[in-house]
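Here the structure comes first, spelled out in structure tokens, and everything after it is commentary.
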Amino acid sequence: MTLELKSPADDRKKLSVPERACHLAVPFNGTISSGEVEYPIRNNIIDLIGGKESSYSIAQQSNQWTLTAKLYEELWRNRSLSILTGEEFPIEKERDLLLEWTDPQPGETWLDIGCSTGLYARMLVRKEPSIRMLALDASEQMLAEAKTRAEAEAADLFLIRADARNLPLFSQEADGLVMGGTLNELTDDLKVLFECRRVLKQQGIFFMMHLVRAETWYGRLFQDSAEWGGLTFRSVEESNRLFERAGFRVEEQLTRSIVCFTKLRPV
């Protein structure tokens, strides 16, 4: 059964991706075409960006580095919530919250937006192996590391290099979306959220971990300096207004210091 994607060059045209592209233990290479435009698949990574020039913030540029991708999960992501919350917050606790709030069901289609090394995507597939899991990022280096880690865990993922401002799904195709920390790095966050609303089914779930504005003066000082690198921090209230503008309502929310977990539903 093939995966049908929306062509980034023409919203009316489909790209048919062979199912075997998600079986990461077997290298897959080739091309897919919507007619006039061809897109490569290299080592199972479906590249819908190619060599097209993009403007990246400093934070986004760092994700294009191979060293960042190699070190990201072990040195930062697995420890980050304990550092950012100032309390013991192991990755297992984040996983349990993710799975409790998303509860993926057999045969569903899920999309991990700004997947980095595919942490959330792998967690969902381990919970329910029969879901169709799409892991999307603009960084080829992050997707290559996501492939290595998913292959080691025998997790089947469609790895897609794409721009989140133009998600490669047709409207209301996804049963669920997840996004771990990406919201703060986006230079056009409202447009990305509108795209998320477009592709999500009416009864779908959108799980997000994002960082909010610090309340302490020293926390704000640090965040102000981080904003020079392209990161954006909003208060919980400002974040929720942003979600509402994009067509979502908050169903669940948990905040620990500057870390906020939010479960959204379409309005």
Contact check, side chains of Leu5 and Tyr39, non-hydrogen atoms, under 4.5 Å
no
Report yes if some heavy atom in the side chain of Ile205 is under 4.5 Å from a heavy atom in the side chain of Trp110; otherwise report no.
yes
Please tell me whether Glu19 and Thr2 have a donor and an acceptor in their side chains that are separated by less than 3.5 angstrom.
no
Stepwise, does the side-chain hydrogen bond (donor to acceptor under 3.5 Å, both in side chains) test hold for Glu87 with Ser82?
CA-CA 5 Å; Glu87 63 182 68; Ser82 294; over 6 Å; no
Residues Lys201, Glu108: salt bridge by 4.0 Å N-O rule:
no
Lys263 and side-chain hydrogen bond (donor to acceptor under 3.5 Å, both in side chains): which single residue from Glu251, Glu100, Glu252 fits?
Glu251
Donor-acceptor pair between Gln253 and Thr262 side chains, under 3.5 angstrom:
yes
So, for Gln202 and Val267, which heavy atoms are closest and what is the spacing to 0.1 Å?
NE2-O, 3.1 Å
Non-hydrogen side-chain atoms of Leu111 and Cys196 separated by less than 4.5 Å:
no
Can you give me the closest heavy-atom contact between Asn184 and Phe233, atom names plus distance?
ND2-CD2, 3.9 Å
Does a salt bridge link Arg213 with Glu238, judged by any charged N lying under 4.0 Å from a carboxylate O?
no
Would you call Leu169 and Leu134 a side-chain contact if the rule is heavy atoms closer than 4.5 Å?
yes
Salt bridge check: are Glu151 and Lys147 linked by an N-O gap of less than 4.0 Å?
yes
Kindly assign one of parallel, tilted or perpendicular to the pair Trp101 and Phe207, based on the angle between their ring planes and the thresholds 30° and 60°.
perpendicular
Is Arg132 paired with Glu173 through a side-chain N to carboxylate O contact shorter than 4.0 Å?
no
Contact between Leu15 and Leu48 at the side-chain level, heavy atoms closer than 4.5 Å - yes or no?
yes
Please name the pair of heavy atoms, one in Cys115 and one in Asp137, separated by the smallest distance, quoted to 0.1 Å.
N-OD2, 3.3 Å
